[in-house]
Each structure stands twice: as structure tokens, then as C-alpha cells.
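Remarks on the structure that follows.
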Amino acid sequence: MQSLSDKVALVTGASRGIGRAIAWELACRGAYVAVNYRSRKDLAESLQAEIEEMGGTALAIRADVGDPDEAAELVGQTVESLGRLDIVINNAGIWEGSRLEDVEPERLEALLATNLKSAFYVTGPALPIMKEAGWGRVVNISSVIGVTGYPGDTMYAATKAGLFGFTKSLARELARFGITVNAVVPGFIDTDMADDTGDETRERILKTIPMRRYGKALDVAELVAFLCESGDYITGQLFTVDGGYTI
Ligand code: NAP
């Protein structure tokens, strides 16, 4: 029997990058996976097809997780279609750099909604189901930028650091229900988001990573999968996967 064969997982932002790798890894361990996306239906459906081809179960579901109603609908649809909900991976995120004096209120709101408020909007409706089951996993994908900061990244860093407080407080709230809540803190990972920073920034960043390479989405996904299939006594923790960037 596979380690997650009786579980249902919801991965936000699973059409591309880190979320896609996480959804795949969970499916490989037997979980039924809700593959959330916002705009890339084609990619989410191709992942669903890949998972089905290897004998797994997946369902692509569109929702903007920065919208409370759409997030609640996403959880509802997951439970209705896949039967239950045991694992929530709050992964969806957007990056945007701006010097503080140029920060536009609506962009700040967009980053807060997608990167931080979404964790409230998605996890909240899932909790009654996990509590009833007496078992659950919540994994929040933060960033090393939330730990170290980065010039021009006040918006992004604030949203990612906010997830640390969310993780620790919720872990304390839920420990007695058998639900663990942890944060995974990636360094610089090769995805579309990392491409957005441009070649010059990338070269500068590479020199600061002791392993001298960007991570792979799989490096992050394997850690997330471990926390889901094991880690019964691990909660409220931050796990960094960054090639040594924050040493
Ligand atoms: P990515 O390649 O840009 O993919 C982002 C994913 O999030 C896509 O599937 C996208 O869906 C989805 N998404 C964006 N806004 C959404 C919304 N409002 N509702 C639902 N889905 C939404 O990013 P990534 O690099 O894989 O990043 C994944 C997570 O890791 C993010 O939280 C990011 O902050 C964090 N992270 C990334 C790095 C890195 O170096 N790459 C480092 C540290 C942390 P659509 O394409 O369908 O719109």
C-alpha cells in the first residue's frame, strides 16, 4: 500500500513550478490530488492526465485563492469530487519587486491576497473536515526572502514572513486534533517565477548560494511529501531547502 493511498490532497497553484511537482509527488504516494490553478487550465489538465496515466486520481480545479468565495468553493468542490480532504498545501504565490516608495496599494493588496490571505481562505473551510477525521496536514510554502529580506522585496517578504506567524499559531491551535502545520522555506528554485527576476539578478544570486545552483521544484516537493506521509510529531516548524543560501 502507498503511504498516502487513503488521503485527499489539495495543492494550490499546482499548474506550474513547485506546486506541480508537489501534486505529482503526492499522487505518486497514492493521494487523490486536487490540482488548483488560476489561469493555466491547459497545464493543470495536462498534470491531471499525467497522474491518471500513471494510475492515480487527480482533478484540475480553477479558483483564485486570493478570493475568499472562490477559495471556499475550491475546498467544497474538492470534497464533493474526491470524497474528503486530508492535506492542504498552500503553495500559490506571485512575486513582484518594487522599491517601497513605488509600492502601489492595489499591487500590495494583490500580493497579500494571493500569498498570505489565501492560506486563511483555503485552510479555514478545510479545518472542520480534518478535525472530524482526527488527522490532517497543512504545509505552507514560504520563501527565504521572508527570512533574510531582499532589496526591493518588501511586499513579497512581508507576505512570506506572515506565513511564519500563521504556521506557528495554527500549529498550536490544531495540535490536539492530530493536524500538523508546517512551513517549507525554499531558496531560489528554477521555475517561471525565478525567470521573472532577469538574468543579471540571477547571476548575482548564484554567487550567494553555496551550492552554486538554483534548486529544482522536486527538491522542495520531496520535503513536502515527507511532511505529509511522515512527521506525526512535527508541527509549527520552518524547513529550509535553499542550497545553503541562509547559512
Ligand atoms: P510559478 O512557477 O510562478 O507558479 C505559480 C503557481 O501559482 C501557478 O500554478 C499559478 O497558476 C498559481 N497562482 C498564482 N496566483 C494564483 C491565484 N491567485 N490563485 C490560484 N493559483 C495561483 O511559481 P513557483 O516558483 O512554483 O512558486 C510556488 C510558490 O513557491 C510560491 O508561493 C512562491 O512564492 C514560492 N517560492 C518560490 C521560489 C522560487 O524561487 N521559484 C522561492 C521561494 C518560494 P496559473 O499559472 O494557473 O495562473
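Atoms within a ligand are numbered from 1 in the order they appear, just like the ligands themselves.
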Indicate whether the side chain of [X] and that of [Y] have a donor and an acceptor atom separated by less than 3.5 Å.
| X | Y | answer |
| --- | --- | --- |
| N140 | T167 | yes |
| S46 | R20 | yes |
| T123 | N90 | yes |
| T246 | D242 | yes |

Of the choices [options], which has the non-hydrogen atom that lies closest to [atom]?
| atom | options | result |
| --- | --- | --- |
| atom 42 (C) of ligand 1 | A44, A60, G187 | G187 |
| atom 31 (C) of ligand 1 | V122, T191, D190, N91 | N91 |
| atom 20 (C) of ligand 1 | S143, A113, A194, A63 | A63 |

For the side chain of [X] and the backbone of [Y], is there at least one donor-acceptor N/O pair under 3.5 Å apart?
| X | Y | result |
| --- | --- | --- |
| R40 | E45 | no |
| N91 | T12 | yes |
| N115 | T159 | no |
| Q237 | T235 | yes |

Heavy atoms only, cut-off 4.0 Å: how does [X] contact ligand 1, side chain, backbone, both, or neither?
| X | value |
| --- | --- |
| R20 | neither |
| T114 | side chain |
| N36 | side chain |
| Y214 | neither |
| A217 | neither |

Short list, please: which atoms of ligand 1 are under 4.0 Å from a heavy atom of [X]?
| X | answer |
| --- | --- |
| D64 | 17 (C), 18 (N), 19 (N) |
| F188 | 40 (O) |
| D192 | 2 (O) |
| G17 | 2 (O), 26 (O) |
| Y156 | 33 (C), 34 (O), 35 (C), 36 (N), 44 (C) |
| S142 | 35 (C), 36 (N), 43 (C), 44 (C) |

**OP:** Could you tell me whether V65 and ligand 1 have an N or O pair separated by under 3.5 Å?
**Re:**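 Indeed, backbone or side chain, V65 has an N or O that close.
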Original post:
Should R38 be counted as touching ligand 1, given the test is an N or O pair under 3.5 Å?
Top reply: yes
Subject >> Sequence neighbours excluded, every pair satisfying ring-ring contact (aromatic ring centres under 6.0 Å, His included) that has a member inside residues 211-247 >> reply: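 Matches after skipping sequence neighbours: F188-Y214, F188-Y245.
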Subject >> ligand 1 contacted by T12 (non-hydrogen, < 4.0 Å) >> reply: no
**OP:** May I ask whether R62 has any heavy atom positioned less than 4.0 angstrom from an atom of ligand 1?
**Re:** no
Subject >> Charged tip of K7 within 45° of W135 ring normal and under 6.0 Å >> reply: yes
